[in-house]
Asks: 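Sending over a structure as structure tokens; questions will come in a sec.
One is the number of the first residue; the rest follow in order along the sequence. Please read these numbers as outputs of a predicted model, since none were measured by experiment.
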Amino acid sequence: QVQLVESGGDSVRTGGSLRLSCAASGYPGSSYFMGWFRQAPGKEREGVAATGIYRLSRTTYYADSVKGRFTISQDIAKNTLYLQMNNLIPEDTAMYYCAAKGWFGSALRPDEYEYWGQGTQVSVSS
């Protein structure tokens, strides 16, 4: 069983930065996806960034809306996934979730992910 705990959410002004962390108790196999998703009030949950590990090879994926501003990374030794968010804008305001699944499907489709954290709130004001 994989358990995920997010932290790092906060309220910032436009142009600010935050780093989200996701502590994982394990991984859904030797090959897997882990990702960050967000959900704003009244909107569907969307994929923000993900990393895929397949036979020790890593690939990263980003939603177009965050490319160049957000960076996903993983510290295997600490069992922690990160999301560095720079140049934040009000449209980034949402609850951010960490999620994990086995090696199948698409990296940024939230309905495919099996394991979820409880979320951490990010609020960006103008």
Asks: Can you give me the closest heavy-atom contact between A40 and A94, atom names plus distance?
Replies: N-CB, 3.8 Å
Asks: Apply side-chain contact (heavy atoms from CB on, under 4.5 Å) to W103 and Y32, showing your working.
Replies: CA-CA 4 Å; W103 183 258; Y32 58 87; 5.7 Å; no
Asks: Quick one, M85 and V48 - any side-chain contact, counting heavy atoms below 4.5 Å?
Replies: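 M85 vs V48: side chains apart.
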Asks: So how far is it from E6 CD to L20 CG, rounded to the nearest 0.5 Å?
Replies: 8.5 Å
Asks: Locate the shortest heavy-atom distance separating F33 from G102; write the atom from each residue and the value.
Replies: CD1-O, 3.5 Å
Asks: Using a 3.5 Å distance criterion without hydrogens, assess whether the side chain of T120 forms a donor-acceptor pair with backbone atoms of G9.
Replies: yes
Asks: Tell me the closest heavy-atom pair linking L108 and P110, and the distance in Å.
Replies: O-CD, 3.2 Å
Asks: Step by step, work out the side-chain contact (heavy atoms from CB on, under 4.5 Å) result for Y62 and T71.
Replies: CA-CA 8 Å; Y62 294 95; T71 303; 3.8 Å; yes
Asks: Any chance you could lay out the side-chain contact (heavy atoms from CB on, under 4.5 Å) test for F70 and D92, step after step, and finish with the verdict?
Replies: CA-CA 11 Å; F70 291 11; D92 295 320; 3.8 Å; yes
Asks: Give a yes or no on whether a salt bridge exists between K101 and E112, defined as a side-chain N under 4.0 angstrom from a carboxylate O.
Replies: yes
Asks: For Q3, I'd like to know if atom CD has over 12 heavy atoms of other residues, nucleotides or ligands within 6.0 Å.
Replies: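 12 or below, so no.
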Asks: Do Y27 and Y61 belong together in a cluster built from hydrophobic side chains that touch within less than 4.5 Å?
Replies: no
Asks: Measure the spacing between CG of L18 and CG of L83 and express it to the nearest 0.5 Å.
Replies: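 If I round to the nearest 0.5 Å, the distance is 9.5 Å.
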Asks: If you count heavy atoms of other groups shown closer than 6.0 angstrom to CD1 of I76, is the number above 12?
Replies: yes
Asks: Could you list the residues that satisfy salt bridge (Lys or Arg N to Asp or Glu O under 4.0 Å) with D111, not counting sequence neighbours?
Replies: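 Counting only residues at least two positions away or on another chain, D111 forms a salt bridge (Lys or Arg N to Asp or Glu O under 4.0 Å) with R109.
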Asks: What heavy-atom pair brings Y113 and A107 nearest, and what distance separates the two atoms?
Replies: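 Y113 and A107 have their closest heavy atoms at OH-O, 2.5 Å.
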Asks: Can you check side-chain contact (heavy atoms from CB on, under 4.5 Å) on E91 and V124, steps first, answer last?
Replies: CA-CA 8 Å; E91 290 76 12; V124 185; over 6 Å; no
Asks: Would you indicate whether E44, at its atom CD, is surrounded by more than 12 heavy atoms from other residues, nucleotides or ligands within a distance under 6.0 Å?
Replies: no
Asks: Same cluster or not: M95 versus L4, using hydrophobic residues (I, L, V, M, F, W, Y) connected whenever any side-chain heavy atoms lie under 4.5 Å apart?
Replies: no
Asks: Search all heavy atoms of D75 against all heavy atoms of Y82 and return the closest pair with its distance.
Replies: CB-CE1, 3.9 Å
Asks: Measuring from atom CG of L81 to atom OG of S73, what distance do you get when rounded to the nearest 0.5 angstrom?
Replies: 7.0 Å
Asks: Just grab all the side chain to side chain donor-acceptor pair (under 3.5 Å) pairs involving residues 10-23, residues at least two apart or on different chains.
Replies: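 Applying side chain to side chain donor-acceptor pair (under 3.5 Å) to every pair that reaches into residues 10-23, excluding sequence neighbours, yields S17-N86.
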Asks: Applying side chain to side chain donor-acceptor pair (under 3.5 Å), which residue pairs with at least one partner in residues 46-55 are found, sequence neighbours left out?
Replies: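 Pairs touching residues 46-55 that pass the test: R38-E46, T51-R58.
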Asks: W36 and Y96: aromatic ring centres closer than 6.0 Å?
Replies: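 Here the rings of Y96 and W36 have centres that are no less than 6.0 Å from each other.
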Asks: Tell me the closest heavy-atom pair linking A99 and F37, and the distance in Å.
Replies: CB-CE1, 3.8 Å
